[in-house]
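For the numbers below, each heavy atom of this structure counts, side chains included, while hydrogens, waters and symmetry mates do not. Chain identifiers are assigned alphabetically (A, B, ...) following the order of the sequence lines, protein sequences preceding nucleic acid strands; residue numbering begins at 1 within each chain.
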Amino acid sequence: MPELPEVETIRRGLSAGLLGKKINRLEILWPRTVKTNLQKFAKILTGNKILNIERLGKLLIFELKNRQYVLVHLKMTGQLIYRAHDKCVAGGHKFLAQDLKTPNRHTRLIIYFADKSILYFNDLRKFGYFKLVDELTKEKTLKQFSLEPIQPEFNLNHFKKIFSNRKTTVKALLLNQKLIAGLGNIYADEACFRAKIRPNKKAGDLTDRQLKNLWLACKNILRQALKYKGTTFNNFVDEKGVKGNYSRFLRAYGRQGQKCQRCRQAIIKKIKTANRGTHYCPVCQK
DNA sequence: GTACTTGTTAAACT
DNA sequence: TAGTTTAACAAGTA
């Protein structure tokens, strides 16, 4: 489940490898991955160059020549794996990190570059997508997102405004990309745990102190997770197929039934909030 | 066979 | 109208 730190880890990794690379050929194994007319998609991409890779929230933006952009969303299980040509042997070459075979049965799209390097898009659940858009559409799409907690403009005042008078739960609000960009189910639970706030509490009911704690928690969690190249819970891997290291810092997510590591008394509970599995400590979090 | 997992969005609801 | 909630999407695991 790639959230902001995971997607940014991938963006950095891919930038190092494929900026300026020319696309020679595409192989589309699962057509519904591409949300643009397939012929148009292939025509524009073939022979084109990757000029830049940006990110907003969990969305990746590949900039091509002539103000064309490819939006890539990994959703829950998308993986972007980049192989230099000497490591591109299919069938589990010994150089392949984590024994991640490419291509595999979940490979949906392959991009072959002129220098023989290859980008694989794997996606078990087929929710991820590639979409070719012009500059106007790209700008319009990006406008739907709000600030990310790691941006300097994401100050306490901005955060308070988002929460004031909201009737929905804290959890639902943290997951709403139009209000806060980049948090997903894992980091939303972790942020609530750090701030000692129950995820199913009404957002508008938080005190000033709680708001400040939650604001700090959001920023710190994402920064720390980024430092450790993300969390691998199910199948997140970076552009080389390497897993993230943040899992060992998780205090709430996936720890239901285990003792809370902060109060050392209560057992972490799992409930459903905003239609999502939600983990919290019934003693620490008020 | 059933329940459960998640990011986003369209549709339904208040 | 706007804010909020729910179901749907898909395929694998327990």
Distance check needed: [N] [atom2] versus [X] [atom1], whole Å only.
X	N	atom1	atom2	answer
A:Ile271	B:dT5	CD1	P	12 Å
A:Leu183	B:dG7	CG	C1'	13 Å
A:Asn176	C:dT5	CG	P	11 Å
A:Leu4	B:dG7	CG	P	13 Å
A:Leu179	C:dA2	CG	C1'	13 Å
A:Ile180	B:dG7	CD1	C1'	16 Å
A:Leu174	B:dT8	CG	P	14 Å
A:Asn104	C:dA11	CG	P	14 Å

task: State which residues pass ring pair (Phe, Tyr, Trp, His ring centres under 6.0 Å) with A:Phe121; sequence neighbours excluded, sorted by chain then number.
output: A:Phe130
query: For A:Tyr187, which residues count as a ring pair (Phe, Tyr, Trp, His ring centres under 6.0 Å) partner, sequence neighbours excluded?
result: A:Tyr246
query: Taking only residues two or more places apart in sequence, or in another chain, which ones meet A:Ser15 in a side chain to side chain donor-acceptor pair (under 3.5 Å)?
result: none
statement: Residues passing the side chain to side chain donor-acceptor pair (under 3.5 Å) test with A:Gln144, sequence neighbours excluded, are none
message: Which residues end up grouped with A:Ile268 if you chain together Ile, Leu, Val, Met, Phe, Trp and Tyr wherever their side-chain heavy atoms are less than 4.5 Å apart?
response: A:Phe193
message: Checking one residue: A:Tyr129. Which other hydrophobic residues are in its cluster under the side-chain 4.5 Å linking rule?
response: A:Leu56, A:Leu59, A:Ile61, A:Tyr69, A:Leu71, A:Val133, A:Leu142, A:Phe145
Distance check: side-chain N/O of [X] vs OP1/OP2 of [N], anything under 4.0 Å?
X	N	answer
A:His73	B:dT8	yes
A:Gln177	B:dT8	yes
A:Lys272	B:dT5	yes
A:Thr168	C:dT5	yes

field: Strand contacts (DNA chain C) in residues 137-146 of chain A, 4.0 angstrom heavy-atom criterion
entry: none
task: Nearest-nucleotide wise, let me know which of A:Arg105 and A:Arg166 is further upstream toward the 5' end of DNA chain C.
output: A:Arg166
- prompt: More than 12 non-hydrogen atoms from neighbouring residues, nucleotides or ligands closer than 6.0 Å to NZ on A:Lys286, yes or no?
  reply: yes
message: When you compare the side chain of A:Cys192 with that of A:Glu190, does any pair of heavy atoms fall below 4.5 Å?
response: no
task: Tell me what A:Lys202 touches on the nucleic acid: a base, only sugar-phosphate, or nothing, going by heavy atoms under 4.0 Å.
output: nothing
Atom pairs, N/O to N/O, protein against nucleotides 6-10 of chain C, distance under 3.5 Å?
{"residue": "C:dA10", "atom": "OP1", "partner": "A:Arg32", "partner atom": "NH2", "Å": "2.3"}
{"residue": "C:dA10", "atom": "O4'", "partner": "A:Arg125", "partner atom": "O", "Å": "3.4"}

Residues forming a salt bridge (charged side-chain N to carboxylate O under 4.0 Å, His left out) with A:Glu135, sequence neighbours excluded: A:Arg67
